[in-house]
K.L.:
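My questions will all concern the structure given below.
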Amino acid sequence: MDIQNQIFSEILAANNIVVTAHKGPDGDAIGSALAMFHFLNAVSKSVSVCLPDDVAHNLKCLNGTDQILLFDKNTATVKEKLSQADLIFCMDYNAPDRLGSEMAIELQHSKARKILIDHHPNPKEFCDVMYSDITCCSTAQLVYELIEKSNNKELLNKDICEAIYLGIVTDTGSFRFPSVTFRTHEIVSELIKHGLKHHIVHEQVFDTNSIDKLKLRGYAIADKLEIIAGLPVGLITLSKAELMRFNYQNGDTDGLVNTILSIAGIEVACLMMEKNDGVKISFRSKGNYFVNDLASKNFNGGGHKYAAGGIFYGSLDEASLVLKKTINEYFLI
Ligand code: 5GP
Ligand code: MN
């Protein structure tokens with residue numbers, strides 16, 4: 001039996017399903033999770049979506065968003081859901097700690113069968129069924145493959161299609177990354193045939209900026225962008241005080257690191273933001289430089305070759321020093 005049909009038979013056998021996705025959910029996390037939610041509803045299963053924390057406001061455009069349970073706000077309810085579930089989906093993450101340490105413990109303690117659907121490299125073996133395809137552009141595309149290959153295409157409805165599209169469009173930089181294939185476009189054409197209004201999703205995600213968000217980005221580029229001497233590396237650091245000055249909301253810096261990478265000649269882009277629990281680091285790269293190694297070796301993180309991230313337990317200045325030192329070592333090799 002192929003993996004998609006194996007997953008579908010697990011679904012048919014389950015009564016209480018929980019769908020999870022990673023902390024700081026991006027468009028693919030929320031899109032793949034809600035696509036599963038709507039698909040499971042379409043096969044009449046009892047299902048809850050439980051996320052570690054909230055999504056950015058521009059990603060709250062999908063039906064079902066208002067039913068999501070957040071671990072940081074509804075901790076007791078999420079704990080109960082995870083312990084009572086007989087099947088848990090792990091969407092768009094490759095290791096339990098991507099849920100945050102506390103929710104990861106609850107996941108691991110649950111007796112439920114666990115199914116991973118993900119496209120990140122180096123998945124940890126923490127699920128009973130691992131549908132991991134690191135060549136795929138997005139987890140949302142894998143949800144589509146699950147639906148089609150388990151002969152459930154007739155169940156595709158507007159809610160499922162919009163959720164899959166949100167995941168694909170955000171994880172492919174609007175269809176520009178090398179991970180996009182003919183299959184991605186074929187799938188989007190199916191989504192449109194089944195009721196997707198792609199421009200509505202696109203507008204909601206990309207054209208609903210606040211003025212504060214644009215001002216923060218303007219400030220970051222005008223005053224904080226640093227090109228590391230002699231290297232094709234651009235860095236922006238933002239302290240808590242700077243973020244507060246612009247009334248920072250989750251998602252306000254999404255894509256800022258890609259703006260650094262859009263500079264001609266820049267091959268590695270890095271954004272560092274001071275948070276309560278450490279410095280959150282985002283990397284993007286192009287060409288021959290793979291940033292997942294840099295993130296895992298120096299910043300407690302990981303990710304894809306061209307998009308990676310991590311967390312640094314220290315000050316913003318120390319984080320940027322570590323980057324300058326390790327990046328130098330790399331370029332000297
Ligand atoms: P972003 O820069 O958009 O937050 O993250 C880009 C990618 O880097 C994510 O899709 C994920 O694969 C990876 N990533 C970001 N933060 C972390 C982290 O703290 N740990 C790990 N393992 N990967 C991360
Ligand atoms: Mn993804």
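For clarity, every value in this text was computed on a predicted model and none was experimentally measured. All residue numbers in this chain count up from 1 along the given sequence. All ligand and atom numbering here is 1-based and tracks the order in the structure.
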K.L.:
I want to check a possible cation-pi pair here: K305 against F290, using under 6.0 Å from ring centre and within 45° of the ring axis as the test.
P.N.:
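Checked: cation-pi criterion met.
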K.L.:
Return the CE to OH distance between M273 and Y248, rounded to the nearest 0.5 Å.
P.N.:
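It is 4.0 Å, given to the nearest 0.5 Å.
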K.L.:
Do side-chain atoms of N300 reach the backbone of I311 as a donor and acceptor pair under 3.5 angstrom?
P.N.:
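Checked: pair present.
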K.L.:
Side chain to side chain contact (heavy atoms under 4.5 Å, CB included) between L82 and I88: does it pass, once the steps are laid out?
P.N.:
CA-CA 8 Å; L82 288 169; I88 298 176; 3.7 Å; yes
K.L.:
May I ask you to say whether K60 pairs ionically with D54, meaning some side-chain N is under 4.0 Å from a carboxylate O?
P.N.:
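A salt bridge is present here (some side-chain N lies under 4.0 Å from a carboxylate O).
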K.L.:
Enumerate the protein residues lying less than 4.0 Å from ligand 1, judged by heavy-atom distances, in chain and residue-number order.
P.N.:
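These residues qualify: R98, H120, K280, S282, R284, G301, G302, G303, H304, A307, A308, G309, G310.
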K.L.:
Report yes or no: does E318 contribute a side-chain atom to a donor-acceptor pair with the main-chain N or O of S315 at less than 3.5 Å?
P.N.:
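Answer holds: yes.
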K.L.:
Which of parallel (below 30°), tilted (30 to 60°) and perpendicular (above 60°) describes H119 and H304?
P.N.:
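Tilted.
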K.L.:
Counting no waters, how many protein N/O/S atoms sit under 2.8 Å from the Mn ion (ligand 2)?
P.N.:
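For the Mn ion (ligand 2), protein nitrogen, oxygen or sulfur atoms under 2.8 Å: 4.
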K.L.:
Under 6.0 Å from the ring centre and within 45 degrees of the ring axis: does the NZ or CZ of R245 meet both conditions for the six-membered ring of Y219?
P.N.:
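Yes - R245 lies over the ring of Y219, closer than 6.0 Å to its centre and within 45° of its axis.
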K.L.:
Look at the side chain of K153 and the backbone N and O of K149, then say whether any donor-acceptor pair between them is shorter than 3.5 Å.
P.N.:
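Such a contact is absent between K153 side chain and K149 backbone.
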